[in-house]
Student: 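Just passing along the structure, written as structure tokens.
Predicted, not measured: the structure shown is a model, and the values here were computed from it. Here is how names work: the chains are called A, B, and so on, in the same order as the sequence lines, proteins then strands, and each is numbered from 1.
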Number of protein chains: 2
Amino acid sequence: MATRIAEPVRGTDTEVAILESARDLLAEGGLAALSMRAIAARVGVSATAIYNYFENKQDLVRRVVSLGFERFVGYLRAAIEGVPPGSTERLQALGQAYIRFALENREYFRVIFASHADCPTDIEELPAGGGYNLFRQTVVDAMESGAIRRSDPDLVVLYLWTHVHGLVTLLLSCEPNARCRHTGEKLSAPELFGRFGDFVINGLKDRG
Amino acid sequence: MATRIAEPVRGTDTEVAILESARDLLAEGGLAALSMRAIAARVGVSATAIYNYFENKQDLVRRVVSLGFERFVGYLRAAIEGVPPGSTERLQALGQAYIRFALENREYFRVIFASHADCPTDIEELPAGGGYNLFRQTVVDAMESGAIRRSDPDLVVLYLWTHVHGLVTLLLSCEPNARCRHTGEKLSAPELFGRFGDFVINGLKDRG
DNA sequence: TTGGATATGTTAACGGCGTAAAGTTTACAC
DNA sequence: GTGTAAACTTTACGCCGTTAACATATCCAA
């Protein structure tokens, strides 16, 4: 038998280069800038060469989005490091990280949550691969420590997620500054999140 | 002088026909189905004829979206009819109408809130033309009646809006059924909204 | 009445898009 | 050396938004 010379197939490099170019193009100019020809030009290859590695454009985008998601979960993980479990601060840290990711990776975020019926998913699979469970565990800890009142953790996760997601998508709809003017002042997403935190956490606490 | 034969200029009919065809195509197949050539084919006219009435595609889309917005405000107005002012029920009715519009006019909703930097807007101009003020007045009434605690009405409007918008966009990201499975059951947007209402309203009430 | 502007359309064409088909080069197993 | 499979190119098709040039109808002023 032939000893496998462990040199990786040259094509694999190309695949990585395609994904990286696609990721960069997406970040720089949004979905509109993400064309097969543009990607190919960056990689230094013909547009049709891409079809050796990806079934079609949608498949490629799916892969790029998947990479973006890992990045997203990285934000969440980093956010709660050093913040004591069971505290509402930890919940807020997660929310802030969600916002930070969206603002620092706008095009990624947009594409991730613009899965226009192309790729039907169950809602909790979106931030899965650790994201959802991270969120959920933080909620459970907060309930057990008494920081928030006991109820269905999944419902609470979805509630908090809804809140932060809504804030981000609304502000992202109002490019270019992603800020909101109300009562005369301009507020950024993190500032608004801070102000809303009062309502949100209050709603989760025991009455009286 | 020639007596004015009151026949309206044929061109105006064409403009209306273009807008209606565009609206229908958008509703049927989303932004992807909305091409100048497809619109023209429906109207029975050449694609370039459209440029007599609209500067370019973006301009046309803006007009279509504007029509959609009027429709949206119509949903909101209808929702609070017959519901007593000052009640939290009125707030919930607005939220339910928001959700209903999004689910019954998905493509409209998507396009309205996907103003990808093309048309920078201040956030409160989005549901303006009556929408925002409607929302705000409902909040003010609820504060004055004591249904919710007194605080900055604009902040509360944004808070509630954030909540319902987040719920809808999250569920719309999970086509085709726009439902969420959690703890084993499938919940629709209105059902989830109902469950979240507890948290939301509780957060806005006075403590104790 | 006529003639020129204006409004309302047309067809042809440009460059860009995703992608299919066919052909070419390269690497390697037997 | 030959066959085979992978990696890649060229060419081409039918879409797309948009421009330019041209046709026709309508209206008003002289």
Student: Return the value, rounded to whole Å, for the distance between atom CD of B/Q58 and atom C1' of D/dT18.
Tutor: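 That distance rounds to 14 Å.
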Student: Testing B/V168, B/L94, B/L171, B/L192 one by one against B/I99 for a side-chain contact (heavy atoms from CB on, under 4.5 Å), which residue passes?
Tutor: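 When B/V168, B/L94, B/L171, B/L192 are each tested with B/I99, the side-chain contact (heavy atoms from CB on, under 4.5 Å) holds only for B/V168.
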Student: Rounding to an integer number of Å, can you tell me how far A/R37 CZ sits from C/dG15 C1'?
Tutor: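 So the CZ-C1' distance, A/R37 to C/dG15, works out to 10 Å.
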Student: Of all the nucleotides listed (C/dT19, D/dA20, D/dG17), which has the minimum atom distance to the side chain of A/A47?
Tutor: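 Closest nucleotide among those given: C/dT19.
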Student: Tell me: CZ of A/F54 to P of D/dA7, nearest whole Å?
Tutor: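 It works out to 13 Å between those atoms.
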Student: Which of these passes ring pair (Phe, Tyr, Trp, His ring centres under 6.0 Å) with B/H163: B/Y98, B/F196, B/F199?
Tutor: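 It is B/F196; the other options fail the test.
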Student: Expressed as a whole number of angstroms, how long is the span from B/K57:NZ to D/dT18:P?
Tutor: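 Taking atom P of D/dT18 as the reference, NZ of B/K57 is at 8 Å.
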Student: The side chain of A/S35 lies closest to which of these nucleotides: C/dT11, C/dA20, C/dG18?
Tutor: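 The nucleotide sitting nearest to the side chain is C/dG18.
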Student: Find which nucleotide of DNA chain D each of B/E55 and A/N52 is nearest to by heavy atoms, and output the residue with the more 5' nucleotide.
Tutor: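 Upstream on the strand: A/N52.
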Student: C/dT10 P sits how many Å from B/I50 CD1, rounded?
Tutor: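 My rounded result for the distance is 10 Å.
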Student: Using whole Å, what does the distance between atom P of nucleotide C/dG16 and atom CD1 of A/I39 come to?
Tutor: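 So the two atoms are 16 Å apart, to the nearest Å.
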Student: If you compare every side-chain N and O of A/T14 against the phosphate oxygens of D/dC8 (OP1, OP2), does one of them come in below 4.0 Å?
Tutor: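 Checking A/T14 against D/dC8: at least one side-chain N or O falls below 4.0 Å of OP1 or OP2.
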Student: With no hydrogens and no angle check, do the side chains of A/D59 and A/Y51 hold a donor and an acceptor under 3.5 Å apart?
Tutor: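 Side-chain D/A pair, A/D59 to A/Y51: absent.
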Student: Under the side chain to side chain donor-acceptor pair (under 3.5 Å) criterion, do A/D141 and A/Q137 qualify, and how do the steps go?
Tutor: CA-CA 6 Å; A/D141 289 345; A/Q137 191 55 52; 3.0 Å; yes
